Amino acid sequence: DQLPGIASDGQGNWVALWLGEGADSVYEVLAARSTNDGKTWKDQQVIGMGSGSPRIATNGNGNWVAVWQLLDAAKGIQDDDNDIIVVQSSDDGKTWSAPEFLNSNAETDAHNDLKPTITTDGAGTWLATWTSNNPLDGAAFADFDIHEARSKDNGATWTAPKQLHNNAGTDLGTDINS
(Lines give C-alpha, C1' and ligand atoms only; values in the text may rest on other atoms or scores of the structure.)
Protein backbone atom coordinates (compact mmCIF):
# COMPACT_ATOMS: atom_id res chain seq x y z
CA ASP A 1 0.00 0.00 0.00
CA GLN A 2 1.44 3.34 -1.07
CA LEU A 3 -1.03 5.72 0.54
CA PRO A 4 0.06 9.18 1.66
CA GLY A 5 0.28 10.04 5.36
CA ILE A 6 -1.35 13.22 6.63
CA ALA A 7 -1.94 14.79 10.04
CA SER A 8 -3.27 18.05 11.51
CA ASP A 9 -2.58 19.75 14.80
CA GLY A 10 -6.16 21.06 14.97
CA GLN A 11 -4.85 24.63 14.74
CA GLY A 12 -4.72 24.98 10.94
CA ASN A 13 -1.34 23.26 10.43
CA TRP A 14 -1.23 20.13 8.28
CA VAL A 15 1.67 18.00 7.06
CA ALA A 16 1.36 15.50 4.21
CA LEU A 17 3.90 12.81 3.30
CA TRP A 18 4.02 10.60 0.21
CA LEU A 19 6.36 8.57 -1.98
CA GLY A 20 7.63 10.37 -5.08
CA GLU A 21 10.30 9.62 -7.71
CA GLY A 22 12.18 6.38 -7.34
CA ALA A 23 13.43 3.11 -8.74
CA ASP A 24 13.96 -0.47 -7.61
CA SER A 25 11.30 -0.24 -4.88
CA VAL A 26 12.95 2.80 -3.24
CA TYR A 27 11.35 6.23 -3.55
CA GLU A 28 11.82 9.76 -2.30
CA VAL A 29 9.71 10.50 0.76
CA LEU A 30 8.24 13.95 0.16
CA ALA A 31 6.71 16.32 2.72
CA ALA A 32 4.59 19.43 2.27
CA ARG A 33 2.86 21.60 4.83
CA SER A 34 -0.14 23.84 5.02
CA THR A 35 -0.73 26.60 7.56
CA ASN A 36 -4.27 27.39 6.41
CA ASP A 37 -6.21 24.16 6.92
CA GLY A 38 -5.06 22.62 3.64
CA LYS A 39 -6.14 25.44 1.32
CA THR A 40 -2.58 25.84 0.03
CA TRP A 41 0.57 23.74 0.41
CA LYS A 42 4.19 24.85 0.56
CA ASP A 43 7.74 23.83 1.41
CA GLN A 44 7.65 20.56 -0.54
CA GLN A 45 10.90 18.78 0.25
CA VAL A 46 12.54 15.38 0.18
CA ILE A 47 12.94 14.17 3.77
CA GLY A 48 14.34 10.71 3.07
CA MET A 49 14.08 7.56 0.97
CA GLY A 50 11.42 4.92 1.54
CA SER A 51 9.85 1.72 0.30
CA GLY A 52 6.49 1.91 2.08
CA SER A 53 3.83 4.40 3.00
CA PRO A 54 4.92 7.08 5.48
CA ARG A 55 2.87 7.76 8.60
CA ILE A 56 2.90 10.96 10.66
CA ALA A 57 1.61 12.31 13.98
CA THR A 58 1.84 15.58 15.89
CA ASN A 59 1.52 16.57 19.52
CA GLY A 60 -0.19 19.86 18.60
CA ASN A 61 2.75 21.90 19.92
CA GLY A 62 4.88 22.11 16.78
CA ASN A 63 6.41 18.62 17.08
CA TRP A 64 5.83 16.08 14.32
CA VAL A 65 7.22 12.54 13.98
CA ALA A 66 7.10 10.44 10.81
CA VAL A 67 7.92 6.77 10.20
CA TRP A 68 8.15 4.56 7.12
CA GLN A 69 9.78 1.36 5.91
CA LEU A 70 12.93 1.26 3.79
CA LEU A 71 14.52 -1.59 1.86
CA ASP A 72 18.03 -1.89 3.33
CA ALA A 73 19.78 -2.01 -0.02
CA ALA A 74 18.97 1.70 -0.37
CA LYS A 75 21.21 2.47 2.63
CA GLY A 76 24.10 0.36 1.36
CA ILE A 77 23.40 -2.51 3.76
CA GLN A 78 23.97 -5.86 2.12
CA ASP A 79 20.74 -7.61 3.00
CA ASP A 80 17.31 -7.51 1.45
CA ASP A 81 15.04 -6.87 4.40
CA ASN A 82 13.01 -3.79 5.25
CA ASP A 83 13.64 -1.66 8.32
CA ILE A 84 11.85 1.30 9.89
CA ILE A 85 12.97 4.91 9.43
CA VAL A 86 12.05 7.80 11.76
CA VAL A 87 12.37 11.59 11.36
CA GLN A 88 11.11 14.46 13.48
CA SER A 89 10.34 18.16 13.13
CA SER A 90 10.06 20.69 15.94
CA ASP A 91 8.94 23.61 13.76
CA ASP A 92 5.61 22.45 12.33
CA GLY A 93 7.24 20.59 9.43
CA LYS A 94 9.46 23.38 8.07
CA THR A 95 12.61 21.34 8.68
CA TRP A 96 13.23 17.67 9.45
CA SER A 97 15.92 15.68 11.22
CA ALA A 98 18.12 13.31 9.26
CA PRO A 99 16.48 9.89 8.75
CA GLU A 100 17.55 7.26 11.28
CA PHE A 101 16.65 3.64 11.85
CA LEU A 102 13.93 3.23 14.47
CA ASN A 103 14.59 -0.48 14.95
CA SER A 104 18.05 -0.31 16.51
CA ASN A 105 19.03 -3.74 15.13
CA ALA A 106 18.49 -2.64 11.51
CA GLU A 107 22.08 -2.99 10.39
CA THR A 108 22.51 -6.51 11.77
CA ASP A 109 19.15 -8.25 11.47
CA ALA A 110 17.92 -10.04 8.35
CA HIS A 111 14.23 -9.81 9.20
CA ASN A 112 11.48 -7.70 7.68
CA ASP A 113 10.09 -4.74 9.59
CA LEU A 114 6.98 -3.41 7.85
CA LYS A 115 3.91 -1.15 8.06
CA PRO A 116 4.89 1.29 10.83
CA THR A 117 2.44 3.55 12.62
CA ILE A 118 3.10 6.47 14.97
CA THR A 119 0.99 8.15 17.63
CA THR A 120 1.40 10.36 20.67
CA ASP A 121 -0.56 11.01 23.83
CA GLY A 122 0.16 14.73 23.41
CA ALA A 123 1.79 14.74 26.86
CA GLY A 124 5.30 13.70 25.87
CA THR A 125 5.11 10.01 24.98
CA TRP A 126 5.31 8.81 21.38
CA LEU A 127 4.63 5.20 20.37
CA ALA A 128 5.70 3.59 17.10
CA THR A 129 4.47 0.12 16.18
CA TRP A 130 5.26 -2.10 13.21
CA THR A 131 5.00 -5.68 11.98
CA SER A 132 8.20 -7.74 12.15
CA ASN A 133 9.32 -11.32 11.77
CA ASN A 134 12.36 -10.66 13.97
CA PRO A 135 11.88 -12.84 17.07
CA LEU A 136 14.12 -10.52 19.19
CA ASP A 137 14.84 -13.49 21.48
CA GLY A 138 17.10 -15.45 19.14
CA ALA A 139 14.51 -18.11 18.28
CA ALA A 140 15.12 -19.87 14.96
CA PHE A 141 11.50 -19.57 13.76
CA ALA A 142 9.70 -16.29 13.66
CA ASP A 143 6.17 -15.47 12.60
CA PHE A 144 5.15 -11.85 12.16
CA ASP A 145 4.46 -10.05 15.44
CA ILE A 146 3.85 -6.43 16.46
CA HIS A 147 6.91 -4.57 17.71
CA GLU A 148 7.02 -1.24 19.50
CA ALA A 149 9.43 1.52 20.47
CA ARG A 150 8.74 4.59 22.63
CA SER A 151 10.13 8.12 22.78
CA LYS A 152 9.85 10.63 25.61
CA ASP A 153 11.71 13.44 23.78
CA ASN A 154 9.60 14.12 20.68
CA GLY A 155 11.23 11.38 18.63
CA ALA A 156 14.90 12.30 19.17
CA THR A 157 15.66 9.00 20.95
CA TRP A 158 13.78 5.71 21.16
CA THR A 159 13.70 2.64 23.36
CA ALA A 160 15.00 -0.61 21.92
CA PRO A 161 12.36 -2.53 19.96
CA LYS A 162 10.30 -5.02 21.90
CA GLN A 163 7.36 -7.22 21.11
CA LEU A 164 4.06 -5.59 21.96
CA HIS A 165 2.18 -8.73 23.05
CA ASN A 166 3.44 -11.12 25.70
CA ASN A 167 2.77 -14.32 23.73
CA ALA A 168 4.81 -13.24 20.68
CA GLY A 169 7.47 -15.89 21.34
CA THR A 170 4.99 -18.77 21.46
CA ASP A 171 2.11 -17.91 19.13
CA LEU A 172 2.26 -19.12 15.55
CA GLY A 173 -0.21 -16.70 14.04
CA THR A 174 0.70 -13.71 11.95
CA ASP A 175 0.06 -10.37 13.64
CA ILE A 176 -0.13 -7.49 11.19
CA ASN A 177 0.00 -3.74 11.84
CA SER A 178 -2.53 -2.04 9.59
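All values below come from the heavy atoms of this structure, side chains included, with hydrogens, waters and symmetry mates left out. What you see is a predicted model, and the numbers here were worked out from it, not measured in a lab.
S25 and S51 make their closest contact through O-OG, 2.9 Å (heavy atoms, listed as atom of the first residue, atom of the second, distance). Residues A66 and W96 share a closest heavy-atom pair of CB-CZ3, 4.4 Å. The two residues G48 and P99 make their nearest non-hydrogen contact at CA-CG, 3.9 Å.
Contact of the V86 side chain with the W68 side chain is not registered, since no non-hydrogen atoms from C-beta on lie closer than 4.5 Å. In this structure, I146 and Q163 have side chains that are not in contact, with every pair of non-hydrogen atoms separated by 4.5 Å or more. Put simply, the side chain of W158 reaches to within 4.5 Å of the side chain of V65, judged on heavy atoms. In this structure, N154 and N59 have side chains that are in contact, with non-hydrogen atoms separated by less than 4.5 Å.
Residues satisfying the side-chain hydrogen bond (donor to acceptor under 3.5 Å, both in side chains) criterion with N103, sequence neighbours excluded, are D83, N105, D113. By the salt bridge (charged side-chain N to carboxylate O under 4.0 Å, His left out) test, D43 pairs with R33, sequence neighbours left out. For A57, the side chain to side chain contact (heavy atoms under 4.5 Å, CB included) partners two or more places apart in sequence, or in a different chain, are I118, W126. Among residues two or more places apart in sequence or in another chain, the side chain to side chain contact (heavy atoms under 4.5 Å, CB included) test is passed with T159 by A149, R150. Checked against side chain to side chain contact (heavy atoms under 4.5 Å, CB included), K162 has the following partners two or more places apart in sequence or in another chain: E148.
In the hydrophobic clustering of this structure, V87 does not group with I6; members are Ile, Leu, Val, Met, Phe, Trp, Tyr whose side-chain heavy atoms approach within less than 4.5 Å, directly or through other members. Put simply, I56 and I47 are part of the same group of oily side chains (I, L, V, M, F, W, Y) that touch within less than 4.5 Å, one to the next. Linking Ile, Leu, Val, Met, Phe, Trp and Tyr residues whenever their side-chain heavy atoms come within less than 4.5 Å leaves W130 and L127 in two separate clusters. One hydrophobic cluster, built from ILVMFWY side chains closer than 4.5 Å, cannot hold both L30 and M49; they sit in different ones.
Interatomic distance, K42 NZ to S34 OG, rounded to the nearest 0.5 Å: 8.0 Å. One distance of note links CG of D81 with CG of N133; it measures 8.5 Å at 0.5 Å rounding.
Side-chain N or O atoms of S89 include none that pairs as donor or acceptor with a backbone N or O of W64 at under 3.5 Å. Side chain of S132 to main chain of H147: no donor-acceptor pair is present (N/O by atom type, distance under 3.5 Å, no hydrogens or angles). When atom types are taken as modelled, the side chain of Q45 and the backbone of K94 share a donor-acceptor pair closer than 3.5 angstrom. The closest donor-acceptor contact from the side chain of N82 to the backbone of L71 lies under 3.5 Å. In this structure, S53 contributes its side chain and P4 its backbone to no donor-acceptor pair below 3.5 Å.
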**Request:** Kindly indicate, with the supporting measurements, whether the criterion side-chain hydrogen bond (donor to acceptor under 3.5 Å, both in side chains) is fulfilled by T129 and T117.
**Result:** CA-CA 5 Å; T129 63; T117 62; 2.5 Å; yes

**Asked** Given the rule in the side-chain hydrogen bond (donor to acceptor under 3.5 Å, both in side chains) test, do K152 and T125 qualify, once you have shown the distances and angles that lead to the verdict?
**Response** CA-CA 5 Å; K152 294 276 193 181; T125 300; 2.9 Å; yes

**V67 and L102: CA distance, side-chain angles, deciding distance, side chain to side chain contact (heavy atoms under 4.5 Å, CB included) verdict** = CA-CA 8 Å; V67 293; L102 178 61; 4.3 Å; yes

**Stepwise side chain to side chain contact (heavy atoms under 4.5 Å, CB included) test for R55 and L3** = CA-CA 9 Å; R55 296 293 171 245; L3 300 173; 4.0 Å; yes

**Request:** Would you please test I84 and F101 for side chain to side chain contact (heavy atoms under 4.5 Å, CB included) and show each step?
**Result:** CA-CA 6 Å; I84 307 302; F101 285 119; over 6 Å; no

Could you list the donor-acceptor pairs under 3.5 angstrom formed by side chains in residues 10-22, with sequence neighbours left out?
unit_1, atom_1, unit_2, atom_2, d
Q11, NE2, G60, O, 2.8
N13, ND2, D9, OD2, 2.8
W14, NE1, D37, OD1, 3.3

